[in-house]
Amino acid sequence: MNLLLSMLSEDGSAASVSTMRVAVLLVVLLVLAPRIVTAIKTGQMPTLSAEEMGLVLGALGIKAYQRGKESTPADAPAATQPQPK
């Protein structure tokens, strides 16, 4: 349980769980878990509809966008400036 909580937190501690990570996990599980169960039972890979694919990719894309916006300038690579001659 502590491993799951530490994966869902921003800083690695189980004390502060990220709501966005929980939401993304729920979307991915609710869309993909039934497909995985069906694939195991039938032995065939079920297809995803465009709406389901958009939902999963949208949730992951929004999380990536949020992470990019929350990163500090120290995390970003330094811009190179031309050296004066």
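The side-chain heavy atoms of V31 and L48, taken from C-beta on, include a pair separated by under 4.5 Å.
Criterion: ILVMFWY side-chain heavy atoms under 4.5 Å apart, direct or through other members. Under it, M45 and L32 are not part of a common hydrophobic cluster. Hydrophobic clustering (side-chain heavy atoms under 4.5 Å, transitive across Ile, Leu, Val, Met, Phe, Trp, Tyr) keeps V28 apart from L25. Note on M53: it clusters hydrophobically with V27, by side-chain heavy-atom contacts below 4.5 Å among ILVMFWY residues.
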Side chain to side chain donor-acceptor pair (under 3.5 Å) assessment of K63 paired with Q66: CA-CA 5 Å; K63 177 59 187 157; Q66 178 199 25; 3.3 Å; yes
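For the pair P34 and L29, the tightest heavy-atom approach, listed with the atom from each and the gap, is CD-O, 3.8 Å. Residue S49 comes nearest to E52 through the heavy atom pair N-OE1, 3.1 Å, listed as atom of the first residue, atom of the second, then distance. Taking every heavy atom of both residues into account, T47 and R35 meet most closely at O-NE, 3.4 Å.
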